[in-house]
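What follows is a single structure, written as structure tokens, with notes after it.
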Amino acid sequence: MGKWFDLTLFFVIILSVILVMLESVKEIDTEYHDLLLILEWIITIFFTIEYIARIVTIRKPQRYIFSFYGIIDLLSTIPLYLSYLIAGSQVFLALRAFRLLRIFRILKLVKFIGEASQLKAALKASRTKIAVFIYVVLILSVIMGTVMYLIEDDAAGFTSIPRSIYWTIVTLTTVGYGDIAPQTTVGQFIATVIMILGYGIIAVPTGIVTVEFNKQSGKGKSVVNQAVDLNTQACPSCATEGHKDGAKFCYSCGSDL
């Protein structure tokens with residue numbers, strides 16, 4: 001039943017996010033406003049019941065309320081209620097702002113990703129390497145940005161060192177907005193070098209995280225098996241998830257499941 005409930009919740013979340021997007025289209029909202037509002041109230045009531053049920057069924061409600069998922073569940077529940085409680089001249093702006101908070105419901109989908117713990121561990125393990133990499137990129141951007149400021153003039157858009165650093169970062173990441181472009185031969189040569197360098201730089205953090213992710217995957221098959229089994233049982237005492245099928249006790253606190 002837990003799996004069926006989570007599957008239902010999954011599709012309701014997707015539907016809710018789609019409704020938020022449709023409401024932002026003026027033509028659709030004008031023609032189907034009442035229908036969209038009714039559907040949103042149904043979904044909001046569903047999320048309200050889910051939130052209250054989780055608080056009632058767990059033995060230590062505060063652990064759920066102040067957890068990441070607890071805060072996300074609250075943010076996905078209260079916007080529609082708050083939009084009708086705010087009064088004053090800014091009511092319509094507040095109404096729109098609170099209703100847009102419903103997009104946070106998409107974060108509720110994180111709990112359905114079985115490999116999320118592996119990805120989290122991989123990012124945590126590689127954070128130092130990535131920090132050093134970003135530090136080197138920033139140094140390179142400052143140096144190259146300063147050089148471009150000396151080479152190019154204001155007419156080309158390089159009016160200051162910060163603006164030149166902005167151009168360097170945009171070029172290094174191969175985004176290339178085109179709002180600033182070097183005009184001199186030397187400047188264009190440096191820009192070419194930065195562009196080519198950008199392709200190599202982009203692959204570095206990807207490789208770092210990939211290596212760490214593979215290490216996490218190779219530490220044991222139990223985590224992978226739990227992801228495949230889609231065991232959604234949560235401990236009623238500490239709200240810990242990811243138990244093996246057939247487990248009778250929580251692996252975190254030892255309470256009966």
Side-chain angles (χ1 to χ4, degrees), residues 17-18 20-28 68 71-72 75 90 92-94 96-110 113 115-219:
V17 174
I18 292 175
V20 175
M21 295 179 180
L22 291 178
E23 282 187 13
S24 66
V25 182
K26 293 182 179 180
E27 294 80 4
I28 296 178
F68 171 77
I71 295 173
I72 294 302
L75 287 176
Q90 302 296 325
F92 294 108
L93 179 61
R96 183 179 181 182
F98 281 126
R99 287 188 174 179
L100 287 178
L101 284 176
R102 289 175 294 163
I103 205 69
F104 278 102
R105 288 174 184 168
I106 200 168
L107 294 178
K108 289 163 67 71
L109 295 178
V110 175
I113 303 176
E115 289 79 7
S117 58
Q118 287 180 271
L119 180 59
K120 179 182 177 181
L123 292 174
K124 185 177 180 180
S126 58
R127 67 184 185 278
T128 304
K129 297 177 183 177
I130 294 178
V132 172
F133 168 76
I134 293 176
Y135 180 67
V136 172
V137 171
L138 288 176
I139 292 177
L140 182 63
S141 299
V142 171
I143 294 174
M144 300 305 294
T146 304
V147 171
M148 291 299 293
Y149 173 71
L150 294 174
I151 295 175
E152 299 291 334
D153 54 19
D154 294 352
F158 297 86
T159 56
S160 64
I161 292 179
R163 188 164 177 80
S164 300
I165 293 174
Y166 155 78
W167 171 86
T168 304
I169 294 175
V170 169
T171 305
L172 193 62
T173 54
T174 69
V175 176
Y177 291 121
D179 51 346
I180 306 176
Q183 303 299 323
T184 65
T185 303
V186 177
Q188 291 174 349
F189 173 75
I190 295 176
T192 302
V193 173
I194 295 176
M195 292 176 196
I196 296 174
L197 187 62
Y199 282 103
I201 286 178
I202 290 175
V204 174
T206 305
I208 293 173
V209 176
T210 301
V211 170
E212 293 295 337
F213 188 79
N214 290 334
K215 289 182 180 178
Q216 297 297 326
S217 299
K219 284 185 177 180

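Counting from 1, the numbers follow the sequence of the chain as shown. Quick caveat, the model's predicted, so the values are computed rather than measured.
Rounded to the nearest 0.5 angstrom, L172 CG and L138 CG are separated by 10.0 Å. To the nearest 0.5 angstrom, I151 atom CD1 is 3.5 Å from I190 atom CD1. Within the model, atoms CE of M148 and OG1 of T171 stand 7.5 Å from one another, a figure rounded to the nearest 0.5 Å. Note that the CG atom of L22 and the CD1 atom of I28 stand 5.0 Å from one another [nearest 0.5 Å]. I134 CD1 to I139 CD1: the interatomic distance, rounded to the nearest 0.5 Å, is 12.5 Å.
Shown here are the salt bridge (Lys or Arg N to Asp or Glu O under 4.0 Å) partners of K129, two or more places apart in sequence or in another chain: E212. V142 pairs by the side-chain contact (heavy atoms from CB on, under 4.5 Å) definition with T146, I165, not counting sequence neighbours.
Here the side chain of E152 pairs no donor or acceptor atom with the backbone of L150 at under 3.5 angstrom.
Y166 has its side chain out of reach of S141: every pair of non-hydrogen atoms, C-beta onward, lies at least 4.5 Å apart. The closest side-chain heavy-atom distance from F158 to R163 is not below 4.5 Å. Within the 4.5 Å cutoff, side-chain heavy atoms of I194 are placed close to those of W167. With contacts defined as side-chain heavy-atom distances shorter than 4.5 Å, the pair Q188/T184 does not qualify. By the 4.5 Å heavy-atom criterion applied to side chains, M195 and T174 are not counted as neighbours.
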May I have the list of side-chain donor-acceptor pairs in residues 196-205 shorter than 3.5 Å, sequence neighbours left out?
none

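Here the shortest heavy-atom pairing between S164 and G145 reads CB-O, 3.0 Å.
Considering V193, V186, T185 as possible partners of F189, the one that fulfils the side chain to side chain contact (heavy atoms under 4.5 Å, CB included) test is V193.
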